[in-house]
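Structure first, commentary second.
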Amino acid sequence: MRIVEDPKELLAADLAGSAFVPTMGALHDGHGSLVKRAREGGRPIVVSIFVNPTQFGPNEDYARYPRTLEADCALLEPLGAAAVFLPSVETMYPEGLAAAMEAAGDPSRTPLPAVAREPRLEDACRPGHFGGVALVVGRLFDLVQPSAAFFGEKDYQQLRLIENMVEADRARYGALRVVPCPTIRESNGLAMSSRNRYLAPDQRELALGLSRALQVAHSAQRVETAERLMRDTLDAHGLETEYAVVRDARSLMPVAGFERPTRALIAARLGATRLIDNAPMTVWR
Ligand code: PAF
């Protein structure tokens with residue numbers, strides 16, 4: 001497995017057209033499942049690790065975000081990754097970080113699809129976040145030139161952003177395929193996340209409130225009932241709800257019923273840690 005810092009090396013190593021798994025490191029089995037899915041196409045696999053400063057708000061966890069490069073490489077090597085791409089901030093943002101932050105927040109330079117502007121979910125709770133994601137992912141695609149890129153449904157709103165972004169700019173991204181991959185959970189239901197490392201053992205129990213809320217909502221016959229059941233379950237676990245909603249699975253906009261595919265989406269706080277989860281509501285009728 002190659003460790004690549006200079007993007008020119010990726011192209012020289014004939015890794016263009018790869019199966020690409022962009023990450024911020026602190027890898028877990030959820031990331032492992034993306035790599036396994038990427039392996040199915042038989043293309044060389046490139047995994048990027050870059051803790052992207054432009055997608056963190058000023059009061060968020062950029063500085064303390066876990067950086068575990070050795071363990072990350074130990075997880076990737078046996079999975080058959082051809083290369084780990086470790087770009088520097090200078091490689092990703094040659095214009096300088098302050099200018100990049102500005103570009104991320106400027107819709108004329110980093111246009112965001114409606115799905116990342118209108119739902120008033122992550123877009124409202126983390127202003128500037130999706131601009132930073134769109135900027136870095138677009139640039140990673142430019143540098144790596146993959147034929148397919150793999151994203152977890154754990155970050156469902158991010159996935160919809162990337163799908164729309166690529167679809168809206170085929171001139172830039174060519175035939176790139178964005179491949180959604182299912183959320184991987186611990187046996188108790190907790191969705192795997194790099195941020196779970198922040199949780200103390202007693203908080204891990206409380207964090208189960210998210211997956212339990214999704215489970216109880218699943219059988220609800222009405223949208224309002226599902227949303228109330230989710231909020232009640234989060235409350236009962238001492239979680240502070242940011243949102244717990246049922247939305248159209250494609251547009252992420254509010255729905256009145258289950259006529260079309262819908263998705264339940266939750267963000268909640270447990271002390272200083274912010275957790276998200278989501279699941280399809282399979283009962284559309
Ligand atoms: O999902 C993530 O880990 C990040 O948001 C991504 C897609 C690697 C962009 O920094």
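Side-chain atoms are counted along with the backbone in the values below, which use heavy atoms only and exclude waters and symmetry mates. We count ligands from 1, going down the list as the structure has it; atoms in each ligand are counted the same way. Index from 1, following the sequence.
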Present, as a list of atom pairs with distances to 0.1 Å, all nitrogen or oxygen contacts under 3.5 Å between ligand 1 and the protein.
residue	atom	partner	partner atom	Å
ligand 1	1 (O)	Gln158	NE2	2.8
ligand 1	5 (O)	Gln55	NE2	3.0
ligand 1	5 (O)	Gln158	OE1	2.7
ligand 1	10 (O)	Gln55	OE1	2.6

Next on the checklist: Check for me whether Arg120 meets the cation-pi criterion with Tyr243, that is, NZ or CZ under 6.0 Å from the six-membered ring centre and within 45 degrees of the ring axis.
Outcome noted: no

Next on the checklist: On the six-membered ring of Phe20, is Arg177 placed so that its NZ or CZ lies under 6.0 angstrom from the centre and within 45° of the ring axis?
Outcome noted: no

Item to check | Modelled atom types, side-chain donor and acceptor of Tyr93 and Asn52, under 3.5 Å | outcome: yes

Checklist entry - Can you say whether the rings of Phe141 and Phe151 are parallel (under 30°), tilted (30 to 60°) or perpendicular (over 60°)? => result perpendicular

Checklist outcome for this item: So CD1 of Ile45 and CZ of Arg39: to nearest 0.5 Å the spacing works out to 6.5 Å

Item to check | Phe85 side chain reached by Leu15 side chain, heavy atoms, under 4.5 Å | outcome: no

